[in-house]
Amino acid sequence: MKELRFCIDRVEGDIAVLIDPNGQAYQLPHASLPEGTGEQDVLFGTLKNGVPTALRPCTGTDPVQQKIAALHQNCLLYTSPSPRDSTSS
């Protein structure tokens, strides 16, 4: 089986939503994720019957994980309140 990368997009209660490189979303029980992983982490795994399995965390040196972390930081920068948004009297 071919190994794929999945990004933990978000956790909604007991459900984790993973996204593959093609943008396909998968819902899994949060408890099925490797211990210590959370939103925006990148996992390696395989698909078995259309479900991500054998998930394991990527290392911090993985280029895809580094790119996702940088994009996430940029999103935070653009959604954080900016001094330009405040009005002075």
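Along the sequence shown, residues are numbered consecutively beginning with 1.
Placement of Val11 and Leu18 within a single hydrophobic cluster is found when ILVMFWY residues are connected by side-chain heavy-atom separations under 4.5 Å, directly or transitively. Criterion: ILVMFWY side-chain heavy atoms under 4.5 Å apart, direct or through other members. Under it, Ile8 and Leu47 are part of a common hydrophobic cluster.
Residues passing the salt bridge (charged side-chain N to carboxylate O under 4.0 Å, His left out) test with Glu12 are Arg10, sequence neighbours excluded. Taking the side chain to side chain contact (heavy atoms under 4.5 Å, CB included) definition, one finds that Glu35 meets it with nothing, sequence neighbours left out.
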Q: Would you check, one step at a time, whether the test side chain to side chain contact (heavy atoms under 4.5 Å, CB included) holds for Leu55 with Leu28?
A: CA-CA 11 Å; Leu55 297 170; Leu28 298 172; 3.8 Å; yes
Q) Under the side chain to side chain contact (heavy atoms under 4.5 Å, CB included) criterion, do Asp41 and Leu33 qualify, and how do the steps go? A) CA-CA 11 Å; Asp41 283 343; Leu33 298 179; over 6 Å; no
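Checking side-chain atoms of Asn22 against main-chain N and O of Gln24 turns up no donor-acceptor pair under 3.5 Å.
The structure places CZ of Arg56 at 10.0 Å from OG1 of Thr46, a figure rounded to the nearest 0.5 Å. In this structure, CG on Leu43 lies 11.5 Å from CG on Leu4, to the nearest 0.5 angstrom.
When all heavy atoms are compared, the tightest approach of His30 to Gly13 is CB-O, 4.4 Å. The heavy-atom pair separating Cys58 from Phe44 by the smallest distance is SG-CE1, 3.4 Å.
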